[in-house]
Amino acid sequence: MSGVQTGRLFVFAGQWIASALFALISIALVGPASAQADKDSAATPIQIGVLAYAGKDEALNRWQATADYLSERNTGYRFVIKPLFLSELRNAFVEGRLDFVLTQSLQFAELSRLDSIWPLATLVVKGNGQQLEQLGAVIFTRQGTGFVELDDLVGARIAGTSPNALGGWLLGMQALEDSGLDVERQITPIFTGLPLEAVVDAVLDGRAHAGVVRSSFFQRYLEAYPDSRLVPVGQARREGFPYPSNTPLVPEWPFAATARAPDGLAASVARQLIAMPGGTPAAEQARIVGWRTPLDYSIVDRLHDKWLPEPISPASLLRHFWQYLVLILAVVLALFAWQARRATRRLGAEKRRLRRAFSGLHTGAVLTDASGHILLTNRAVETFARADLDGELAGRSFCEVFNLQIEGLSPQCAFGDLVEQIETRETRSVDGMIERNNQRFDVNLKLSRLEAEGGTQLLVSMLDVTDLRSANALLTYRATHDRLTGVLNREAMEEFLSQAMPGKAPRNEPVHASCLVWTDLDEFRLLNEIGSRELGDRILASLASHFSLELPSDAVLARMGVDEFAIWMPLASRDTCALVAREVLEIIHSFQLPDEHEHLRLKASVGVTRIDSDDLLASRRLEDAERACQSAQRLGGDRVVQFSGEDTELLEREQQIERYNALQAAIAEDRLDLAAQRIVPVNAGTPIIHEMLLRVTGGDGRLRFPSEYIEIAEKHNAMGDVDRWVIRQSCRWLARQSPDSGTLSINLSAHSVQDPEMLDFIRQELGVWGADPARVVFEITETAAILNLDQAERLIGSMRRIGCRFALDDFGGGFLSFEYLRRLNPDIVKIDGRLIEDLSHDPVAAVIVSAIVQVSRVMGAQTVAEWVETDDQYRRVIEMGVDYIQGFLLHRPAPLDQR
């Protein structure tokens with residue numbers, strides 16, 4: 001072999017050896033990867049649905065290591081993370097596309113109602129240096145709002161993220177209900193949506209009084225913003241829980257298996273999760289400590305059932321109870337078939353029974369067709385039918401059988417005209433008259449249109465109301481007329497004046513003025529004593545007849561009292577009311593008494609007033625005429641007095657209206673002012689109490705005492721505005737005083753005790769001005785307390801929770817017993833000043849005051865003696881042991897700027 005050939009042989013051998021080595025290396029490198037790929041493709045995918053509350057990418061990154069952890073330990077299975085939003089996760093679970101579910105506790109409770117699902121492990125998180133298996137929430141507010149305990153939140157606005165947020169709403173609602181609140185009626189919800197910072201902003205901005213957030217978030221927020229002045233409401237510490245919480249605690253997220261999970265795999269996954277060390281990549285990537293044996297999620301189920309009840313739908317009924325529904329449907333169909341056969345048999349018997357019942361009715365009843373031909377009658381109809389008819393009434397015309405007349409309809413056959421006015425399925429009642437054998441009967445007809453198989457039918461029932469109408473007429477007469485004299489009574493006269501006076505006349509009809517005369521017989525009681533009561537009745541009856549004969553025909557006479565009559569007469573243009581009244585007095589003078597008393601003559605006091613043609617309140621003139629009559633009596637009687645607008649009572653009414661308008665103007669123009677009177681303690685070192693007293697500045701700039709305005713304000717429900725003004729000004733004044741200046745006492749009216757918004761107003765003003773509630777006493781009078789006892793108790797309890805005190809004013813001057821005093825349990829009892837005035841000359845007053853002091857001391861209440869103006873009164877109340885003294889002897893009220 002040549003050298004060249006030998007060289008070529010070596011080259012070929014080298015190439016072959018290199019190719020073989022390359023193939024071996026490729027097999028070594030590619031073989032394992034290919035084998036792993038084949039292995040993965042052969043593994044069964046296991047779907048884990050994960051709630052992506054912070055986004056799908058974040059959920060995938062957080063839990064992928066956990067899926068890898070489970071895949072490595074379960075040969076033949078490949079775990080896949082499916083990040084899903086809330087509604088997507090629910091739909092995937094219902095459609096059976098998930099083997100395992102990792103979601104928040106509330107959705108787990110919801111899914112457990114849709115299909116089979118059970119927890120395998122409970123998530124364990126890091127929390128403030130501890131390992132936590134539970135989460136909680138906190139109800140918080142701003143400092144200084146006065147919400148000390150959870151039950152103080154009555155009427156408050158409370159913010160949360162959404163109505164189905166577990167930590168951001170539902171736990172808070174459960175805590176409020178546990179404290180005794182009715183959350184559906186006694187709070188107002190405000191939902192801000194995510195993030196949780198929106199709930200805090202709502203509270204800080206004043207849009208909400210309080211808010212509900214997760215405890216861990218609240219702790220982090222306080223650490224980030226220590227000056228936020230946010231505090232929990234009530235006790236907010238749970239043993240073993242590192243965050244502030246005043247709500248129930250619920251388990252953290254469960255890792256749960258569905259009915260789709262392969263047999264035996266769920267138990268393996270549960271053991272592997274619980275055994276996962278805390279330092280594994282899966283735990284660190286998921287930002288958790290690890291997993292523990294699943295907790296009891298029944299508390300979440302109860303919260304879901306209570307606050308988020310699942311609506312009942314046909315689909316849910318069919319899904320859960322379709323077997324029972326099929327059975328029920330079969331039973332119902334069988335019952336229908338049996339009932340149809342039974343109803344057919346009973347229908348004939350029912351018709352026969354109805355015919356017998358129809359015939360036995362006591363009122364006349366007639367059944368006709370649409371044309372008015374009679375189909376059926378009962379026996380009672382014979383009373384109304386024509387007497388000259390013989391034989392069966394069925395088949396005859398209604399108008400032929402009954403001689404019916406109805407006002408406003410044709411007399412020949414009123415029934416036919418009436419039927420045309422009845423609408424379909426309407427019942428109509430009319431009154432008419434039937435003539436039979438020259439006798440007339442008042443009848444009431446009820447006509448009803450019936451839809452039958454053969455067409456429209458009419459049912460007519462007839463009732464004889466002749467005696468009823470006579471009785472009604474008699475009752476009406478007796479209700480409007482005086483039984484002794486037969487003339488109108490007082491109520492009828494008032495009704496006449498309100499309805500038939502010139503001011504009520506129709507338009508375009510001429511009207512005239514009139515006179516109203518009031519007469520009162522002088523010394524009528526003497527006539528009764530001379531004769532008898534029977535003689536007095538005879539005189540009144542005869543006098544009424546005498547008036548009827550002597551008065552003009554258009555006059556209206558009424559008896560107003562025992563011996564009082566009122567007479568209304570139109571006023572002719574040539575006459576005056578005084579002249580008309582004198583004529584009435586002459587008529588009384590001309591009346592002759594009966595029998596042996598005919599030598600005596602009647603005398604009367606007569607009052608008269610004029611009613612102008614445009615007077616729309618003519619009934620009020622009765623009072624004017626009566627007052628004029630009383631003036632005639634005061635002048636000696638037997639004379640005429642005409643009413644004058646200068647009468648004292650009229651002036652008093654006008655003055656009341658003027659004072660009310662002046663009070664409203666003073667409130668609107670801020671012309672109210674405050675003065676203060678010291679309530680001095682008996683023992684030195686006890687703080688002085690300053691009682692706030694209202695003053696009103698008139699339009700002329702002069703200061704007036706408010707007693708003349710208070711009565712008007714209470715009568716017209718204006719005291720609420722006055723009390724609010726006093727509270728606002730008092731809180732502002734107190735906030736400017738030094739802490740050692742004493743305590744402030746503010747009076748509350750009965751109207752404010754009943755006002756449901758007054759407590760919120762007091763809280764608001766104390767917070768706005770920064771006034772210390774411990775330095776504020778609210779006074780409620782004994783009368784206001786007993787009239788509104790329940791409201792007073794609630795208001796007192798709420799004010800005490802704020803920090804204010806309560807004083808019972810004017811005690812001993814009304815009807816409030818010591819039992820009610822014990823029930824109200826005031827901090828201060830102010831003894832009524834009238835009792836203090838009577839101490840020097842009334843031993844009973846001294847006993848009452850001493851008893852009040854002793855009972856108050858046993859109850860732990862302090863006592864104040866009011867109206868102390870003399871040294872003797874001062875000495876006596878000191879001896880009785882009162883704690884405070886108030887009165888002109890020690891201090892007279894002074895404006896606030898002179899304190």
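Positions are given from 1, in the same order as the sequence printed here.
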K.L.:
Which is it for Ser215 and Leu135 under the side-chain contact (heavy atoms from CB on, under 4.5 Å) test, yes or no, and what are the steps along the way?
P.N.:
CA-CA 7 Å; Ser215 300; Leu135 64 91; over 6 Å; no
K.L.:
Are Val776 and Thr743 packed together at the side-chain level, in the sense that at least one heavy-atom pair is separated by less than 4.5 angstrom?
P.N.:
no
K.L.:
Just checking, any donor-acceptor pair under 3.5 angstrom between side chains of Asp809 and Thr781?
P.N.:
no
K.L.:
Can you list everything that forms a side-chain hydrogen bond (donor to acceptor under 3.5 Å, both in side chains) with Gln854? Sequence neighbours excluded, please.
P.N.:
Ser850
K.L.:
Using the ring-ring contact (aromatic ring centres under 6.0 Å, His included) criterion, which residues pair with Phe778? Sequence neighbours excluded.
P.N.:
none
K.L.:
Looking at Arg805 and Glu779, is there a salt bridge between them, counting it only when a charged N and a carboxylate O are closer than 4.0 Å?
P.N.:
no
K.L.:
Please enumerate all residues that pass side-chain hydrogen bond (donor to acceptor under 3.5 Å, both in side chains) together with Gln862, with sequence neighbours excluded.
P.N.:
none
K.L.:
With side chains defined as the heavy atoms from C-beta onward, is the minimum distance between Leu835 and Asp842 less than 4.5 Å?
P.N.:
no
K.L.:
Could you verify whether a donor N or O on one side chain and an acceptor N or O on the other, from Gln134 and Glu252, lie under 3.5 Å apart?
P.N.:
no
K.L.:
Do you know the tightest heavy-atom contact between Ala159 and Val199?
P.N.:
O-CG1, 3.7 Å
K.L.:
Could you work out, with side-chain hydrogen bond (donor to acceptor under 3.5 Å, both in side chains) as the rule, every residue matching Glu133, not counting sequence neighbours?
P.N.:
Arg292
K.L.:
Quick one: which residue pairs count as a salt bridge (Lys or Arg N to Asp or Glu O under 4.0 Å) with a foot in residues 140-168, not counting sequence neighbours?
P.N.:
Asp152-Arg801
K.L.:
Apply side-chain contact (heavy atoms from CB on, under 4.5 Å) to residues Val250 and Leu106 and explain how you reach the verdict.
P.N.:
CA-CA 10 Å; Val250 296; Leu106 191 63; over 6 Å; no
K.L.:
With side chain to side chain donor-acceptor pair (under 3.5 Å) as the test, would you mind laying out the steps for Gln764 and Asp760 before giving the verdict?
P.N.:
CA-CA 6 Å; Gln764 175 184 337; Asp760 284 340; over 6 Å; no
K.L.:
Checking Tyr884 now: which residues fulfil ring-ring contact (aromatic ring centres under 6.0 Å, His included) with it, not counting sequence neighbours?
P.N.:
none
K.L.:
With sequence neighbours left out, which residue pairs that include part of residues 218-228 fulfil the side chain to side chain donor-acceptor pair (under 3.5 Å) condition?
P.N.:
Gln219-Glu223
K.L.:
Side-chain contact, heavy-atom cut-off 4.5 Å: Met692 with Trp733?
P.N.:
yes
K.L.:
Is there a side-chain contact between Leu808 and Leu821 in this structure, where contact means two heavy atoms from C-beta onward sitting under 4.5 Å apart?
P.N.:
yes
K.L.:
Check whether more than 12 heavy atoms from other residues, nucleotides or ligands sit under 6.0 Å from atom CD of Glu793, and answer yes or no.
P.N.:
yes
K.L.:
For a quick check under 3.5 Å, do Gln729 and Asp673 share a side-chain donor-acceptor pair by atom type?
P.N.:
no
K.L.:
Do the side chains of Ile828 and Val864 get nearer than 4.5 Å, heavy atoms only?
P.N.:
yes
K.L.:
Can you check whether Arg763 reaches Ile802 side chain to side chain, under 4.5 Å on heavy atoms?
P.N.:
yes
K.L.:
Are any non-hydrogen side-chain atoms of Ile885 and Tyr874 less than 4.5 angstrom apart?
P.N.:
yes
K.L.:
Distance alone, cut at 3.5 Å: any donor-acceptor contact between the side chains of Gln791 and Arg794?
P.N.:
no
K.L.:
Taking only residues two or more places apart in sequence, or in another chain, which ones meet Ser741 in a side chain to side chain contact (heavy atoms under 4.5 Å, CB included)?
P.N.:
Gln737, Ser738, Arg775
K.L.:
Tell me yes or no: between the side chains of Gln886 and Trp867, is some donor less than 3.5 Å from an acceptor?
P.N.:
no
K.L.:
According to side-chain hydrogen bond (donor to acceptor under 3.5 Å, both in side chains), who are the partners of Thr141, at least two apart in sequence or on a separate chain?
P.N.:
Thr145
K.L.:
How many angstroms lie between atom CG of Leu759 and atom SG of Cys804, to the nearest 0.5 angstrom?
P.N.:
9.0 Å
K.L.:
Heavy-atom distance under 4.5 Å between the side chains of Val829 and Ile852, does that happen here?
P.N.:
yes
K.L.:
Can you pull the salt bridge (Lys or Arg N to Asp or Glu O under 4.0 Å) pairs that have at least one residue in residues 871-881, sequence neighbours excluded?
P.N.:
Asp872-Arg875, Asp872-Arg876, Arg875-Glu879
K.L.:
Once side chain to side chain donor-acceptor pair (under 3.5 Å) is applied, what residue pairs with a partner in residues 159-170 remain, sequence neighbours excluded?
P.N.:
Ser162-Asn164
K.L.:
Looking at Phe888, I'd like to know if the NZ or CZ of Arg892 sits under 6.0 Å from its six-membered ring centre while staying within 45 degrees of the ring's axis.
P.N.:
yes
K.L.:
Could you check, using the six-membered ring where one of them is a Trp, whether Phe140 and Phe218 have ring centers closer than 6.0 angstrom?
P.N.:
yes
K.L.:
Determine which pairs satisfy side chain to side chain donor-acceptor pair (under 3.5 Å) with at least one residue from residues 185-207, sequence neighbours left out, and list them in order.
P.N.:
Asp182-Arg185
K.L.:
Quick check for you: to the nearest 0.5 Å, what is the distance between Ile831 atom CD1 and Phe811 atom CZ?
P.N.:
9.0 Å
K.L.:
Is the shortest side-chain N to carboxylate O distance from Arg800 to Asp827 below 4.0 Å?
P.N.:
yes
